[in-house]
Amino acid sequence: MKRAPIVIAGTLAGLIGVLEFHTTPASLTIGGLPGSSAASAPASIGGAAGGSRASAGAGAAANASPAPGSASQPSGASHTAVGPGVNYYFGVISVKVKVSGNKIVNVGIASLNDSGNPRSQFIDQQAIPILEQEVIQAQSANIQGVSGASYTSAGFARSLQSALHSLGFA
Amino acid sequence: MTADPIQHREHVMGTVVTFDIYPEPDAKDIQLTEVRRQLVRAQAILHRADEVFSTWQPDSAVSRMRRGEITVGEAPDEVAEVLAACATARELSDGWFDPWAMPGGFDPTGYVKGWAAQRALAALSADCIAGAIVNAAGDIASSGRQPTGQAFRIGIADPAAPRQLAEIVELTGAIATSGSYERAGHLLDPWSGRPATRAASASVTGPDLGLADALATAVAVAGEAGLTLVESLEGYEALVIGFDGTRKWTRHFPFAGPIVATGG
């Protein structure tokens, strides 16, 4: 990894605290933060074939995470919610979202169980960053789609929708 | 900001296909009901394509053809149509796209996804639709424009950092992106039989997603040499992103302005 891309700055706050696992224990926990997990996610997914690694991504993210509600969003409250675990093509996914004002500032994976299937894991590894990116950049860059994404998940969308709903959006 | 489109996500062809339909602002309820009917037809087109062409489903016509159990003549009519289109795409791509050079025999998967999405888009024909997008896992067929009159803007994922966009295009018609990052072993060099490594990703725009998809595969395999090839095809444009991030493109590639800022 040449560099850790920071798409959305300063949105680590408060997300780890709301990690929950609604369904079967997550077989994979990505740092889940668009800004932070670029370096850690592939590593933790790579380790997935061996079996145990839930701590890797979350641990890394927790270290980088300041206290909830800290300086990154100085003006105005931001709120975070976790969507329910939703069945998707390869397993169960739960999405978390952070909203400030009327804008989504962060989207990530709260939990993901893709059954340890290498193909699923490979696709998830490719797809989830794209899904996160789609949500954020669709807002910030006024785009209607992303070309080059290899997979988009209805489960991701449904969990996200529920999370937004619980925050009074959508 | 554009009003919310009618959206639908359909699990099909081993992936998820996203529909975004943008009605005219003055569309009546009865017209929107017709749009929803067309959306159902569009989904059926995708499932039909899956049924016939899937190489994952052992009962599909194409799987049976690959095993030599049936001939093209015995397969559903679409098979001959797609075979002919694949032959054309192979010719237009100077052999860089070659579904006959795949391990396990003829594999039209690289063409069929785009072809099916393009057919599904055609089902969305109601007058009240300003524009529509069918996004088959990153390969996009579109018609019309945003209700504001602006062209659709589509981001191209950065192959070096798939969380970011490398470029944004103003889309008329279709765009397909192929890259070695996309799926392990997805891109094989038909000449060597080995995984392709000449470009990190290649995007092709043009009127038809089936051909754009085939050409994107070809250009990703061929690298910059593929650009010359696409330059000669009317209506099609290409962008190649190298492993070092360099970009090369055909003369009229529809960039939508500056590169998206990345980094904090």
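Reminder, nothing fancy here: chain letters follow the sequence lines and each chain counts from 1. Just so you know, these numbers come straight off a predicted model, no measurement behind them.
- The contact between B/I154 and chain A is made by backbone and side chain atoms together, counting heavy-atom distances below 4.5 Å.
- Screening B/N135, B/T205, B/V204, B/I175 for a side-chain contact (heavy atoms from CB on, under 4.5 Å) involving A/S147 leaves a single residue, B/I175.
- Heavy atoms of other residues, nucleotides or ligands lying less than 6.0 angstrom from CD of B/Q43 number more than 12.
- When heavy atoms are compared at a cutoff of 4.5 Å, B/I133 approaches chain A solely by way of its side chain, counted from C-beta outward.
- With sequence neighbours left out, the salt bridge (charged side-chain N to carboxylate O under 4.0 Å, His left out) criterion links B/E170 to no other residue.
- Rounding to the nearest 0.5 Å places CD of A/Q144 at 10.0 Å from CD1 of B/I140.
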